[in-house]
Amino acid sequence: MTDASSEQLDIFVIGGGINGCGIARDASGRGLSIALAEMNDLASATSSASTKLFHGGLRYLEYFEFRLVREALLERETLLRAMPHISWPMRFVLPMHKDMRFESTTPTSRLLNTVMPWMKGRRPTWLIRFGLFLYDTLGGRQILPGTAKLDLTNTPEGAPLKSKFRLAYEYSDCWIEDARLVALNARDAAQRGARIMTRTKVTAATQQDGIWSVTLDGPDGTQTIQARMLVNAAGPWVGDIIHHKARLNSREDVRLVRGSHIVTKRLFDHDKCYFFQGTDGRIIFAIPYETDYTLIGTTDHEQEDPDQTPICTDAEKDYLCAFASEYFERPVTPDDIIWSYSGVRPLYDDGATSATAATRDYTLKIDQSAGAPVLNIFGGKITTYRRLAEHAMDKIVPLIGGKSAGWTAGVPLPGGDFPVTGVQDQIDALAKDYPFLTDRWAKRLIKAYGTDAKILLGDAQTAADLGRDFGATLTETEVRWLMTHEFAQRAEDVVWRRNKLGLRMTAEQIAALDTWMVAA
């Protein structure tokens, strides 16, 4: 056993998802000493299984979640400026039709059923337009364009859709490379002094005289670290930490909701997304993905056990295909599916009757029942992670000290120190400096590493200078960068989280990469 108890940290963070890494970054920047443990790889659960959007959550307006939507809308442009390499604006096309319905438990649905019973649960066009007006105005847009009416007849946006769809509204949100967001927050936290430990599991946490002793099991064996405060950002395992690891006397608990997505062959030729409304009241997105594919999701189903690996079931695949086929002229079938993934959202258990109705807002709870403080984190969205971290620090600083002023707004993540409008300039400059790069390769590197792409490539004159070619433009130089700077240890970390080259690599190539990484 390694005993690190002589070193007493300010905060020990449990969980290497976006909430844990975001808090570690914020706290490190305020001069606090931080260690973070993640039992798997960074972003290995919920934070790599999102719909990959910075968005306000248009449908949350129907649940009257105005605070959440406003905060998320305000954050979109703050985040866009801080990470223009891994996030970019997108336009969303919302086709209109008479069969649109509410999810029956929404407050808006219940209200309209009372005052307009003849609507019979339909979602009227005027209400959608009003919702889009709120969406445009709640967040004070400066970069993103507002809502516009769109004629679907004889237009690229209408071409893949059934002919009955003639009118749509178009609004703005943003794409985000979710798992890269987590890795870059962890990297920035480490550069500011945090200790980031992956594949390191918390097996127990006990407190004595106001100090937590956290027992860890990781690559270096068992060790104990002391800290003045715990941050429980364990995502789906937040309840396990509360009840079994820290053994807190708490009634707070988490509600696990599984969301699944499918990735198909490319279904349309433009770069806009679709927001589809179903006759069951639910919505799905169809989003251009990794140039050659379309991402469709998501579902909402209860998940009982966080240790049960979430999968996109055959029933969910059929549901998503059937839902999309209600809109696309050419039916989407399971044969079109290239890949699927599923994640578990750790929502605060607010007693909602359905998984869809459970609040997506985050809840932060300080627990001092054991003596030393713990901050338990429930819920949260990728879009509001930075504000969640600030609100977490508002609760942490009065208990253990540190700078009270937030600092992360406007501070770029690694590689993001260039203008939002400068992505193509970065791609062109990289291609000029490294003529052996193809256009697609240069674009991939900039949209992953931003200004760090040039540092990564160094003084290479040819592709051969980058070392072994693992396939799909993944080279030894890039893998070493990910191992050194972004905490990657295995092939799955690289090809499914630091990037999505697993879509283009064979099983044999991925296995060879894993063998090389283990040896390295």
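Atom set for the values below is all heavy atoms of this structure, side chains included, hydrogens, waters and symmetry mates excluded.
When all heavy atoms of Gly467 and Thr477 are compared, the pair lying nearest together is N-OG1, 4.4 Å. Residues Gly402 and Val397 approach most closely at O-CG1, 3.4 Å, considering heavy atoms. Annotation for Pro288 and Met90: closest pair CD-CE, 4.0 Å, computed over non-hydrogen atoms. Between Thr383 and Leu53, the shortest heavy-atom contact is OG1-O, 3.6 Å. Scanning all heavy atoms of the two residues, the minimum distance from Ser172 to Tyr135 falls at O-CE2, 3.9 Å. Nearest heavy atoms, Ile284 versus Thr298: CG2-O, 3.9 Å.
Thr299 and Glu316 share a side-chain donor-acceptor pair at under 3.5 Å. Checked by atom type, the side-chain pair Tyr449/Glu478 shows a donor-acceptor distance below 3.5 Å. At a cut-off of 3.5 Å, with distance as the only test, no side-chain donor of Asp178 or Ser47 sits close to an acceptor on the other residue. Counted by atom type alone, Thr408 and Arg386 present one or more donor-acceptor pairs between their side chains at under 3.5 Å. Judged by distance alone, the side chains of Gln207 and Arg228 never bring a donor and an acceptor atom under 3.5 Å apart.
Between Arg490 and Asp41 no salt bridge is recorded (no basic side-chain N to carboxylate O distance below 4.0 Å). Of the charged side-chain nitrogens involved, none lies within less than 4.0 Å of a carboxylate oxygen, so that Glu177 and Arg497 do not count as a salt-bridged pair. The pair Asp292-Arg266 does not count as a salt bridge, with every side-chain nitrogen at least 4.0 angstrom from each carboxylate oxygen. The existence of a salt bridge linking Lys500 and Glu290 is excluded, since no basic side-chain nitrogen approaches an acidic carboxylate oxygen closer than 4.0 Å. Salt-bridge annotation for Arg498 and Asp493: absent, with no side-chain N of the basic residue lying under 4.0 Å from a carboxylate O of the acidic one. Ion pair Lys201/Asp217 not flagged as a salt bridge, since none of the NZ, NE, NH1 or NH2 atoms sits closer than 4.0 Å to an Asp/Glu carboxylate oxygen. The existence of a salt bridge linking Arg30 and Asp26 is confirmed by a sub-4.0 Å separation between a basic side-chain nitrogen and an acidic carboxylate oxygen.
The distance from the CD1 atom of Ile176 to the NE2 atom of His55 is 12.0 Å, given to the nearest 0.5 Å. A distance of 5.0 Å separates CD1 in Ile382 from OG in Ser50, rounded to the nearest 0.5 Å. Taking OG from Ser213 and CD from Gln8, the interatomic distance works out to 9.0 Å, rounded to the nearest 0.5 Å. The distance from the OG atom of Ser342 to the CZ atom of Arg258 is 5.5 Å, given to the nearest 0.5 Å.
With contacts defined as side-chain heavy-atom distances shorter than 4.5 Å, the pair Leu144/Leu80 qualifies. Residues Asp300 and Arg282 form a side-chain contact, since some pair of their non-hydrogen atoms from C-beta on lies under 4.5 Å apart.
A tilted orientation is assigned to the rings of His485 and Trp481, their planes being inclined by 30° to 60°. Below 30°, between 30° and 60°, or above 60°: for Phe92 and Tyr171 the angle between ring planes is below 30°, a parallel geometry.
Met517 pairs with exactly one of Arg480, Glu492, Met483 by the side-chain contact (heavy atoms from CB on, under 4.5 Å) rule, that one being Met483. With Ile296 as reference, Leu267 is the one residue of Val263, Leu267, Ile287 to meet the side-chain contact (heavy atoms from CB on, under 4.5 Å) rule. Screening Leu36, Val202, Ile34, Asn232 for a side-chain contact (heavy atoms from CB on, under 4.5 Å) with Phe12, the sole residue that qualifies is Val202.
A distance of 6.0 Å or more separates the ring centres of Trp339 and Tyr293. A centroid separation of less than 6.0 Å is found between the aromatic rings of Phe285 and Phe275.
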